[in-house]
Student: 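There's a structure below that I have some questions on.
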There are 2 protein chains.
Amino acid sequence: MRDTTTARAEELRIDAPHRELLDQVLDKWSLSVLNELCERPCRFNELRRAVPAVTQKSLTATLRRLERNGIIERHVVATRPVAVEYRITRLGKTLRAPVDALLEWADTYLPQIEHARKAFDAETE
Amino acid sequence: MRDTTTARAEELRIDAPHRELLDQVLDKWSLSVLNELCERPCRFNELRRAVPAVTQKSLTATLRRLERNGIIERHVVATRPVAVEYRITRLGKTLRAPVDALLEWADTYLPQIEHARKAFDAETE
DNA sequence: CAGTATCCCCGCTGATACTG
DNA sequence: CAGTATCAGCGGGGATACTG
């Protein structure tokens, strides 16, 4: 029997399902969308405005993927015209802490990394 | 003047440089490579064996990218034939904690997420 | 308003072959 | 051993146009 807790302390497993999950949850637009929905529920076009660079198609795909994974919920309000509200789920909220940790890491070390890139590019030229 | 500390507590910024950095550091093979190199320094072919699904070309690309970002170091030992050892840097080690948090999240919630997927696929059919 | 439907491109990936 | 070189395929992503 494998003791995953102990194993993880030494070496983290990264198999296909884990990799796929991270791909779906951390892809190009997901973080920006999650970021907005952590603040408040949003309508489709609100999200478009909040993330100006995303196209309709990609935003739709991102929202569907996050919904499928149980990270966000889609609520249709049958007004005229129809209104659709997206909300983060309880499951989705659990993502906040690890993603924040990652973004803080990026924020903290970006300067050092940009410095490393310049050094690398200079000596590679 | 912007107070990034306060701002981050409410809403994390995800701009292009941050997004690019995460893409480079979290891409398809990087986590597996980092995982190995956190354990011990590795040679090129050791890494290939440790990550069987990766091709030479992709492994080379991954290593170069990580090296360029200052996450790993490349040491050439001028033996015959040549030996090349890859090691994690101090900067690279700072990635460990946030990435671990993410992998633990994936490990913890993967069952719930697979359940959500099935539910979604069932009612979408 | 909140999407679909097409078309198209290009960039990543893998497969394969070759080399200092 | 540790790569580089080349080619081919396909899938994501954007641009654009249309719709209940």
Side-chain angles (χ1 to χ4, degrees), chain A residues 14-16 19-33 36-37 40-69 72-88 120 123-125, chain B residues 14 16 19-33 36-37 40-69 72-87 120 123-125:
Chain A
I14 305 161
D15 50 21
R19 207 35 274 182
E20 187 202 7
L21 174 54
L22 294 182
D23 283 342
Q24 303 217 352
V25 153
L26 301 178
D27 78 349
K28 190 168 181 186
W29 304 111
S30 293
L31 294 191
S32 300
V33 168
E36 287 306 312
L37 296 183
R40 65 187 181 292
C42 279
R43 307 266 297 270
F44 186 83
N45 282 341
E46 281 185 283
L47 288 169
R48 288 195 72 186
R49 266 173 258 121
V51 191
V54 73
T55 62
Q56 270 182 333
K57 183 182 170 182
S58 297
L59 180 56
T60 302
T62 300
L63 291 169
R64 284 292 170 284
R65 187 165 42 237
L66 292 175
E67 186 193 359
R68 178 171 182 265
N69 284 279
I72 65 173
E73 284 171 344
R74 181 175 181 270
H75 292 281
V76 181
V77 185
T79 52
R80 282 291 326 274
V82 81
V84 177
E85 193 176 75
Y86 292 94
R87 292 183 202 157
I88 193 140
F120 182 90
E123 75 187 32
T124 306
E125 103 224 282
Chain B
I14 304 160
R19 206 35 275 184
E20 186 202 8
L21 174 54
L22 294 182
D23 283 342
Q24 303 216 353
V25 152
L26 301 178
D27 79 347
K28 190 169 183 186
W29 304 111
S30 293
L31 294 191
S32 300
V33 168
E36 287 308 310
L37 296 183
R40 64 187 182 291
C42 278
R43 307 265 297 269
F44 186 83
N45 282 341
E46 281 186 283
L47 287 170
R48 287 195 72 184
R49 268 174 257 119
V51 191
V54 73
T55 62
Q56 270 183 331
K57 183 181 168 183
S58 297
L59 181 56
T60 302
T62 300
L63 292 169
R64 284 292 170 284
R65 188 165 40 237
L66 292 175
E67 187 193 359
R68 178 170 183 265
N69 285 279
I72 66 174
E73 283 172 344
R74 182 173 180 271
H75 292 281
V76 181
V77 185
T79 51
R80 282 291 327 270
V82 81
V84 177
E85 194 177 75
Y86 291 94
R87 292 183 202 157
F120 182 91
E123 73 187 32
T124 307
E125 104 225 280

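Every chain is numbered from 1, with letters handed out A, B, ... down the list of sequences.
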Student: Taking the side chain of B/Arg43 as its heavy atoms from C-beta onward, which of C/dC7, D/dA2, C/dC1 lies nearest to it?
Tutor: D/dA2
Student: Do A/Glu36 and A/Tyr86 touch side chain to side chain, with heavy atoms closer than 4.5 Å?
Tutor: no
Student: To the nearest Å, give me how far apart CD1 (B/Ile72) and P (D/dA2) are.
Tutor: 13 Å
Student: Can you check whether A/Arg64's main-chain N or O pairs, donor with acceptor, with A/Glu67's side chain at less than 3.5 Å?
Tutor: no
Student: Grab the CD-P distance between B/Glu20 and C/dC12 for me, whole Å please.
Tutor: 12 Å
Student: With the side chain counted from C-beta on, respond yes when B/Leu21 and B/Asn69 share a heavy-atom pair under 4.5 Å apart, and no when they do not.
Tutor: yes
Student: Starting from P on C/dT13, measure out to CG on B/Asp23 and report it in whole angstrom.
Tutor: 11 Å
Student: How do A/Pro81 and A/Thr55 order along DNA chain D: which one's closest nucleotide is nearer the 5' end?
Tutor: A/Thr55
Student: Can you spot which of B/His75, B/Arg43, B/Arg74 makes a side chain to side chain contact (heavy atoms under 4.5 Å, CB included) with B/Val84?
Tutor: B/Arg74
Student: From C-beta outward on B/Lys57, which listed nucleotide comes closest to its side chain: C/dG14, C/dC7, D/dT4?
Tutor: C/dG14
Student: Taking only the side-chain nitrogens and oxygens of B/Arg64, find out if one of them lies under 4.0 Å from OP1 or OP2 of D/dG3.
Tutor: yes
Student: CD of A/Glu85 versus C1' of C/dG3: gap in Å, rounded?
Tutor: 17 Å
Student: Is D/dG20 paired to anything, Watson-Crick or G-U wobble with both distances less than 3.5 Å, and if yes, which nucleotide?
Tutor: C/dC1
Student: B/Tyr86 side chain: which of C/dA2, D/dG3, D/dA15 is closest?
Tutor: D/dG3
Student: Find the distance B/Arg49:CZ to D/dG3:P and express it as a whole number of Å.
Tutor: 13 Å
Student: With nearest nucleotides of DNA chain D determined for A/Gln56 and A/Asp27 from heavy-atom distances, which residue corresponds to the more 5′ nucleotide?
Tutor: A/Asp27
Student: What nucleotide, of D/dG14, C/dG3, D/dA2, holds the atom closest to the side chain of B/Phe44?
Tutor: D/dA2
Student: May I have the distance from A/His75 (atom NE2) to C/dC1 (atom C1'), rounded to whole angstrom?
Tutor: 18 Å
Student: Where the side chain of B/Trp29 is defined as all heavy atoms beyond and including C-beta, which of C/dA2, D/dG13, C/dG14 is the nearest nucleotide?
Tutor: C/dG14
Student: Without decimals, in angstroms, what is the distance between B/Leu59 CG and D/dA2 C1'?
Tutor: 10 Å
Student: Please determine, for the side chain of B/Val84, which listed nucleotide (D/dA2, C/dG14, D/dG20) has the closest atom?
Tutor: D/dA2
Student: Any side-chain to backbone donor/acceptor pair from A/Thr62 onto A/Ser58? Under 3.5 Å, distance only.
Tutor: yes
Student: Using a strict threshold of under 4.0 Å (side-chain N to carboxylate O), is an ion pair present between A/Arg65 and A/Asp27?
Tutor: yes
Student: Return the value, rounded to whole Å, for the distance between atom CD of B/Glu67 and atom P of D/dA2.
Tutor: 15 Å
Student: Have a look at B/Arg74 and say if it touches a base, only the backbone sugar-phosphate, or nothing, with a 4.0 Å heavy-atom cut-off.
Tutor: sugar-phosphate
Student: Nearest to the A/Ser58 side chain among C/dA2, D/dG13, D/dA2, which nucleotide is it?
Tutor: D/dG13
Student: Starting the side chain at C-beta, find the nucleotide from C/dA2, D/dG3, C/dG20 nearest to B/Thr60.
Tutor: D/dG3
